[in-house]
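In listed order, ligands and their atoms are each counted from 1. Just so it is clear, the values below take in all heavy atoms, side chains as well, and ignore hydrogens, waters and symmetry mates. Just so we're clear, the structure is a prediction, and the values are computed from it rather than from any experiment.
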Amino acid sequence: MHLPLLTLTLLTPLVTTSALFPFETIQLTPSDITTFSAVNFGTLPHTHPLPSQREPPSSEQPPCRAYPSTPSWPPPSQWSLLNSTLHGALLQPTPAAAACYPGNTHYNATTCDWLVHEAGKTHFWLDEPVSTLTEWPQGETCSLRSEEGDGSGEVGGECEQGGFPVYVVNATTVRDVQVGVNFARNWNLRLVIKNTGHDFGGRSLGAGSLSIWVHHLKDFEFLPEYPVGEYTGMAVRLGAGVESWEHFNHMAEHNISVLAPGGATVGAVGGWIAVAGHGALTSKYGLGVDQVLAVNVVTADGRFVSVQPDDEDKRDLWWALRGGGPSTFGIITSVTLKAHPPLTTITTSLQLTLNPLSPTSPNRTTFWRAISSVYHFIPHILSSGGYIFSYIRPNLTDSTISFTISHTVPNISVPDYRALLQPLYTVLSALLPVPVSLPGTITPTPYAGNGRRTGAGDTPINTRYHSRLFPSSLWETNTTTSQEIWTALWETEGTGIRAGVEEGGYVFHGIGYSPTREVAGWPGRDSAVNPAWRGAWLHGSLMDVQREGLTAGEVRSREERARGFLGGWNLSHAGSYMNEGDPGEPDWQARFYGPLYDDLLKVKRKWDPWGVFWASTTVGSEDWEVVTEDGYPMGQNGRLCRTDAGFR
Ligand SMILES: Cc1cc2nc3c(=O)[nH]c(=O)nc-3n(C[C@H](O)[C@H](O)[C@H](O)COP(=O)(O)OP(=O)(O)OC[C@H]3O[C@@H](n4cnc5c(N)ncnc54)[C@H](O)[C@@H]3O)c2cc1C
Ligand SMILES: *[C@@H]1O[C@H](CO)[C@@H](O)[C@H](O)[C@H]1NC(C)=O
Ligand SMILES: *[C@@H]1O[C@H](CO)[C@@H](O)[C@H](O)[C@H]1NC(C)=O
Ligand SMILES: *[C@@H]1O[C@H](CO)[C@@H](O)[C@H](O)[C@H]1NC(C)=O
Ligand SMILES: *[C@@H]1O[C@H](CO)[C@@H](O)[C@H](O)[C@H]1NC(C)=O
Ligand SMILES: *[C@@H]1O[C@H](CO)[C@@H](O)[C@H](O)[C@H]1NC(C)=O
Ligand SMILES: *[C@@H]1O[C@H](CO)[C@@H](O)[C@H](O)[C@H]1NC(C)=O
Ligand SMILES: *[C@@H]1O[C@H](CO)[C@@H](O)[C@H](O)[C@H]1NC(C)=O
Ligand SMILES: *[C@@H]1O[C@H](CO)[C@@H](O)[C@H](O)[C@H]1NC(C)=O
Ligand SMILES: *[C@@H]1O[C@H](CO)[C@@H](O)[C@H](O)[C@H]1NC(C)=O
């Protein structure tokens, strides 16, 4: 009933604007609801504006989401009916690390050893229903503590579910997603959506929740011609569970280039695209979200909606779904993305080490001046369609600092690449005690790869991020003021980024690109992505790579300290990239969404008046908070309650 263009598709097969994957044609039916009324659809006020059908005012709503071991929690018979409605796709997983806790029924030393030393070399953590790759949001109640004790991974204490979901819908059809959304809304459950679990801010898990796991929605389709609006070109359609490495293999097979995340196992569709999504081709083709031509989504009322650029009645949803954040407006089941011709890229890397004990090392002043010069050179790379990827890593053990940067430029000849980079190497060679030079052999490589990528290599980590989008105006060193700001940022002892690395011990991660509105083109130039991206040349993060087992108080003070260093960058009005940012960011609405926040909030309240979809720092999330007992900042190990309910 929501996809009236199916017949049109059959008549004109090239205009595939409303095509569905087979898994999307399996949808919730009235007879399912007759059998099990808990999966009935919700009624959005704007689709039925009669006052009698409006939601009750918020004062009558329960102050908190249902929680296990309270009367609010659905009885076993309901979970059992849910499972049969899902044809057995309901999971009740225990944390994998339970194998490392001797008091636990799942304790197994062999398994624990494998988890600590081998699982990360495989795809294990991605196929695990509740685990997330950033551990701290879970609340340290069942972590994989590989650094502790004798290295075997075995630790004392109890393993508890903590911030992990209680139940998981292992979705393989749109119907599964609809059933999960309706059951959660009708039972006032906390709902989370998990794809790969890569989120750095705890947005794909939550205590006492029902999780919808979209990981197995792996469908892919190549669309050789896809004319829509101002776009005529190739396109691809991806199920919500496709990972970047899988996407690259599809690109290789079809001889095309599509924007995709750098990390091999990051979702090509989920959080990456919902917030922005940067990748190697971002200066050439824009952000991931700029590639979106259509979105299929299950909204908070449980309906399956195909959202197209020209839908008069869903203009706001079309806008908000593109950049307005993950887990906010619906559960995406598939997206259609622009596909570009194949191309090659050239990448070379440069490494500088500050080592007080080495005679060939630059001194501190020179080291930071060299780093300043490298970042100052970025615009030349960006204007050639390229991007940079860099880290400044302090080693607190031996007091060295290593700086690594790679320069990637697409569709460029080797001589042109050399000519582009040589001025930087000339400047650096004049500064440094030992000259640097470009590699003797430079080889272009196909962007799409060889079609044989694999998705191994993830192990849970414990990093907290803090991000700023550096505006291009910082590079205008034609005035004394901007020159001073630049110097204070990179070169002066005790200020800026230098202070964060040298004194704070944080890792600086800088990624440079230029996704302007012009590069974004249609329809990307009119989306809900944070406008700060359009004038940004560098996304800089301070990473706090935290060891496991810190107390809540220790974490809180480290966070305050990191924010203090970030404040010293003086980028007072700069935006921030939510996906690699601080979920405890003060003033997060302005930082993550810029001036679009209020409009996005209207769309959220219209399409999800229940607040079914909730995750930290998503639009409308200020209406709720996680009431934790452990006190870890931004942790997800606690009950989700309304902020105006007096539960503090
Ligand atoms: C190793 C690594 C490399 C990275 N590289 C890049 C990079 O190159 N470029 C870049 O921009 N970012 C990068 N990131 C950050 C990345 O964009 C975020 O971690 C992002 O949130 C991952 O999304 P996901 O769907 O894979 O993960 P998840 O943790 O599963 O989901 C992230 C968020 O999206 C929501 N979500 C997931 N699927 C859906 C859906 N179908 N519908 C609605 N909501 C959904 C979840 O609820 C959650 O809020 C990287 C992260 C890591 C860990
Ligand atoms: C759901 O049903 C399947 C198959 O009948 C079963 O294997 C699974 O354990 C059930 N899930 C729960 C949470 O009981
Ligand atoms: C522990 O796990 C290993 C590997 O999966 C298995 O072979 C073994 O039987 C398990 N031991 C126990 C006691 O369950
Ligand atoms: C989830 O479902 C997929 C597809 O049916 C299946 O291959 C996978 O084993 C399931 N995962 C779990 C943890 O049950
Ligand atoms: C890939 O596409 C390019 C042009 O877009 C073409 O020149 C080339 O022959 C194609 N390669 C293969 C293997 O199809
Ligand atoms: C650092 O080295 C440079 C030359 O590489 C030199 O000019 C400068 O005086 C040195 N600074 C200090 C503080 O030693
Ligand atoms: C830091 O330095 C110590 C001592 O040189 C070394 O053993 C360790 O591997 C270094 N750490 C990193 C992350 O490089
Ligand atoms: C690559 O560059 C050449 C000319 O330098 C141009 O003709 C071609 O269209 C470019 N290809 C892409 C995919 O941008
Ligand atoms: C500085 O130079 C840039 C171009 O590099 C120019 O756009 C800008 O207006 C100049 N600023 C001032 C204050 O002169
Ligand atoms: C930020 O501003 C303060 C106060 O004006 C100044 O001392 C500091 O050097 C500035 N830092 C940067 C990185 O510009």
Side-chain angles (χ1 to χ4, degrees), residues 93-125 127-129 131 142 144 146-148 151-155 159 349-374 390-405 424-437 457 459-465 487-488 490-495 498-509 541-548:
T94 41
C100 298
Y101 288 73
N104 194 281
T105 49
H106 297 277
Y107 173 69
N108 181 323
T110 314
T111 307
C112 178
D113 186 68
W114 184 82
L115 286 174
V116 170
H117 298 109
E118 303 297 323
K121 302 174 190 163
T122 72
H123 201 256
F124 174 83
W125 294 105
D127 294 324
E128 221 281 311
S131 289
C142 195
L144 189 72
S146 43
E147 296 158 14
E148 283 183 21
S152 68
E154 209 168 281
V155 281
C159 160
S349 303
L350 173 71
Q351 176 161 3
L352 303 175
T353 306
L354 173 67
N355 182 351
L357 300 179
S358 160
T360 56
S361 166
N363 62 33
R364 282 187 195 277
T365 311
T366 305
F367 179 73
W368 285 100
R369 181 150 304 158
I371 287 179
S372 171
S373 306
V374 173
S390 66
Y391 289 102
I392 312 175
R393 292 181 194 275
N395 184 327
L396 304 180
T397 310
D398 64 5
S399 301
T400 61
I401 303 179
S402 73
F403 168 65
T404 52
I405 185 167
L424 173 64
Y425 280 77
T426 304
V427 166
L428 291 176
S429 293
L431 271 175
L432 296 165
V434 179
V436 287
S437 53
T459 263
I461 50 151
N462 220 24
T463 303
R464 290 191 186 236
Y465 277 77
T487 309
W490 302 99
E491 295 181 41
T492 314
E493 190 163 6
T495 67
R498 181 170 168 179
V501 174
E502 284 190 339
E503 293 167 23
Y506 299 103
V507 175
F508 176 80
H509 182 23
S541 312
L542 264 200
M543 298 161 58
D544 187 10
V545 185
Q546 297 182 351
R547 68 178 169 82
E548 297 140 3

Check ligand 7 for close polar pairs with the protein: N or O on both sides, less than 3.5 Å.
unit_1   : atom_1 : unit_2 : atom_2 : d
ligand 7 : 2 (O)  : Asn395 : OD1    : 3.2
ligand 7 : 2 (O)  : Asn395 : ND2    : 2.3
ligand 7 : 2 (O)  : Asp398 : OD2    : 3.1
ligand 7 : 5 (O)  : Asp398 : OD2    : 2.9
ligand 7 : 11 (N) : Asn395 : ND2    : 2.8

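- Using a 4.5 Å cut-off on side-chain heavy atoms (C-beta onward), Ile371 and Val374 make no contact.
- If you number the atoms of ligand 3 from 1 as listed, the ones under 4.0 Å from a heavy atom of Asn108 come out as 1 (C), 2 (O), 3 (C), 8 (C), 10 (C), 11 (N), 12 (C), 14 (O).
- What you find for Tyr107 and Ala99 is that their closest heavy atoms are CD1-O, 3.2 Å.
- Each of Leu354, Val507, Thr400 was checked for a side chain to side chain contact (heavy atoms under 4.5 Å, CB included) with Pro394, and the lone residue meeting it is Val507.
- Classification of the Trp490-Phe508 ring pair by plane angle, with boundaries at 30° and 60°, yields perpendicular.
- Phe124 CZ to Thr459 OG1: the interatomic distance, rounded to the nearest 0.5 Å, is 10.0 Å.
- No side-chain N or O of Thr110 forms a donor-acceptor pair with one of Asp113 less than 3.5 Å apart.
- The shortest N or O to N or O distance between Thr110 and ligand 3 is not under 3.5 Å.
- Less than 4.0 angstrom separates some heavy atom of Thr366 from each of these atoms of ligand 6: 1 (C), 2 (O), 3 (C), 5 (O).
- Applying the 4.0 Å criterion to heavy atoms of Thr111 picks out, from ligand 3, the atoms 1 (C), 2 (O).
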Verdict with reasoning, Cys142 to Cys159, per disulfide (SG to SG under 2.5 Å): CA-CA 5 Å; Cys142 195; Cys159 160; 2.2 Å; yes

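- Checked options Ile392, Val501, Thr353; the residue passing with Phe403 is Ile392 (criterion: side chain to side chain contact (heavy atoms under 4.5 Å, CB included)).
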